Amino acid sequence: MKIVDAKVIVCCPGRNFVTLKLTVEDGIYGLGDATLNGRELAVASYLDDHVIPLLIGRDARRIEDTWHYLYKGAYWRRGPVTMTAISAVDTALWDIRAKSLNVPLYQLLGGASRDKVLVYGHASGSDMEKTLGSFGHFLNLGYRAIRAQSGVPGLKATYGIGHGETTYEPAVRDAPPEDHWSTEHYLRFVPQLFERLRTEFGPEVHLLHDAHHRLTPIEAARLGRDLEPFRLFWLEDPTAAELQPALRLIRQHTTTPIAIGEVFNTIFDCQQLIEEQLIDFIRSTVVHAGGITHLRKIAHLAEAYQVRTGCHGATDLSPVTMGAALHFDLSVHNFGIQEYMPHTEETDRVYPHAYNFRDGFMHPGEAPGLGVQIDEALAAKFPYQRAYLPINRKLDGTLHSW
Ligand code: EZ4
Ligand code: CO
C-alpha cells in the first residue's frame with residue numbers, strides 16, 4: 001500500500017486551515033489537519049519542502065514506523081511546527097488504514113469505550129448579564145457542560161469574548177489585535193461571575209473556565225480557592241506551564257480541578273504534570289501533539305495516574321481534527337470531556353463530515369476512516385489570508401501572556 005501522492009491544501013473558509021491529503025496506490029486517500037493558528041504557512045512549508053519528498057513510495061500501513069522516521073529522522077525534535085506536521089501525516093495514515101479496512105477509525109483504536117462523547121460549549125459575553133444570557137442559550141441547545149468567559153469591568157478587551165452576533169474568533173487579519181490585562185480586576189470579578197452562574201443555573205450543569213496562562217502560580221492558587229464553592233469541572237491553563245513544577249504550588253492550595261496542555265506538543269511537556277498528579281485533565285489534542293499515535297501514548301501515561309483527557313477543540317482546529325478527536329475520545333478509557341466549538345457554515349461545507357452533536361454529546365459517526373472529507377474545488381474558492389492571534393498588555397503597557 002504505497003503512498004503515491006501527497007498534497008497540502010491551504011484554505012480560509014472563515015479562518016485559515018492547512019490540510020494534508022495522502023493518496024495510496026488503489027486510490028484511497030487520507031486527511032490530516034496541519035493547522036497551527038497564526039503560523040500556518042510554516043507547517044505547510046515543513047510538509048511541502050521537507051516531509052512530502054520522504055513520503056512518496058512509503059508503505060502507508062507502517063504508521064508507527066513513519067512516526068519515528070519523521071520524529072527521530074529530523075534530528076531536531078519537538079516544537080509546534082514539527083509536531084503539527086508529524087500529526088498531519090499520522091492522522092492521514094490512520095484515516096487511510098481505517099478506510100482500507102472499511103471501518104470507522106475508533107474500531108482500530110480498541111473499539112468504543114462509551115456510547116457517546118461528552119462535550120462542552122463556549123458561553124461568553126462582554127459583561128456579566130450578557131454572559132448569563134449566553135450561558136442560558138447553550139443550556140437550551142442541550143449542552144451539559146459549558147465554559148464561561150466574560151468581559152471584566154475596567155478592561156477594554158479580554159480573552160474569549162465573541163464580537164456582536166459572531167461566534168468567538170480570536171485571529172485577526174494583517175496585524176495582531178491588542179487585549180488589555182489587569183490581574184487584580186480579573187481576580188475580583190471571576191468568582192462573582194461563577195457565584196451568579198451557580199445561583200441562576202443550579203448544581204448540575206458542569207462549569208468550566210479558561211484563565212489562558214495569565215496568572216502566576218500563587219494568583220492561580222487564590223483563584224482556584226475562591227472558585228471552590230462553585231464546584232468547577234475545571235479551571236484551565238491557570239498559569240503558563242512551561243515550568244511544570246509551578247503546578248505544585250497551585251495543587252497545594254486548591255481542590256479546584258486543573259486542565260492544561262492545549263499548547264503542548266509531546267509527552268515530555270506533561271510528563272511531570274501527570275506523574276506527580278498535578279493536573280486532572282490533559283488538554284493536548286491530535287493536531288498539535290503528534291497525531292493519534294502520540295496522543296494515545298500521552299493518554300495511556302495519564303491513565304496510570306488517574307488523569308483524564310480533555311482535548312482542545314477550538315475552531316482553529318479543522319473538522320479533520322474534530323473527527324479524529326471524536327474517534328480518540330470514544331475509544332480511550334480515561335476520557336474526560338471534549339471541547340466543541342461549531343465551525344462556520346462555509347467550513348462545514350468545505351469539510352463534509354459524519355460526526356454529529358445531540359443533547360450535549362457527540363459521536364464520530366460510522367463512516368470508514370475519520371468520516372471527514374474535503375471539497376477541494378470549494379476550498380480553492382477561499383484562499384489563505386494572513387491572520388494573527390491577539391497579544392495582551394497590562395494597563396501600563398507591559399506585554400503579558402495572551
Ligand atoms: O485560545 O485555540 O480553550 N481554548 C482556547 C482556544 C485558544 C485558541 C488559540 O488558537 O484556549 O480558544
Ligand atoms: Co484554552
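Remember, predicted model here, so these are calculated numbers, not experimental data. Counting begins at 1 with the first residue of the sequence. Indexing begins at 1, ligand by ligand and atom by atom, following the structure's order.
The contact set between ligand 1 and Leu389, taken as ligand atoms under 4.0 Å from a residue heavy atom, comprises 10 (O). For ligand 1, the atoms sitting less than 4.0 Å from at least one non-hydrogen atom of Asn37 are 10 (O), numbered in the order shown with element in parentheses.
The N, O or S atom of Asp210 with the smallest distance to the Co ion (ligand 2) is OD2. Between the Co ion (ligand 2) and the N, O or S atoms of Glu262, the shortest distance is to OE1. Within Glu236, the N/O/S atom positioned nearest the Co ion (ligand 2) carries the name OE2.
Distances from atom 10 (O) of ligand 1 to the heavy atoms of Thr35, Asp210, Asp316, Leu317 show the closest one on Asp316. By heavy-atom distance, the residue among Glu262, His288, Arg283, Arg147 lying nearest atom 7 (C) of ligand 1 is Glu262. Relative to atom 3 (O) of ligand 1, the option among Glu236, Met341, His312 with the closest non-hydrogen atom is Glu236.
Polar contact with ligand 1: absent for Trp402 (N/O pair, distance under 3.5 Å).
Gln107 and His327 form no side-chain donor-acceptor contact under 3.5 Å, judged by distance and modelled atom types alone. Under 3.5 Å, the side chains of Asp179 and Thr158 contain no donor-acceptor pair of N or O atoms. No hydrogens or angles considered: a donor-acceptor pair under 3.5 Å links the side chains of Thr347 and Thr344.
A cation-pi contact, defined as under 6.0 Å to the ring centre and within 45° of the axis, links Arg214 to Trp181.
The 12-atom threshold is not exceeded at CZ of Arg62, counting heavy atoms of other residues, nucleotides or ligands nearer than 6.0 Å. Counting non-hydrogen atoms of neighbouring residues, nucleotides and ligands closer than 6.0 angstrom, the CZ atom of Arg349 exceeds 12 such neighbours.
Salt bridge annotation for Lys394-Asp396: absent, with no cationic side-chain nitrogen under 4.0 angstrom from a carboxylate oxygen. A salt bridge between Lys7 and Glu376 is present, with a side-chain N of the basic residue lying under 4.0 Å from a carboxylate O of the acidic one.
Of the protein's non-hydrogen atoms, the one nearest atom 6 (C) of ligand 1 is Tyr159 OH, 3.4 Å. Considering only non-hydrogen protein atoms, atom 1 (O) of ligand 1 sits nearest to His212 NE2, 2.8 Å.
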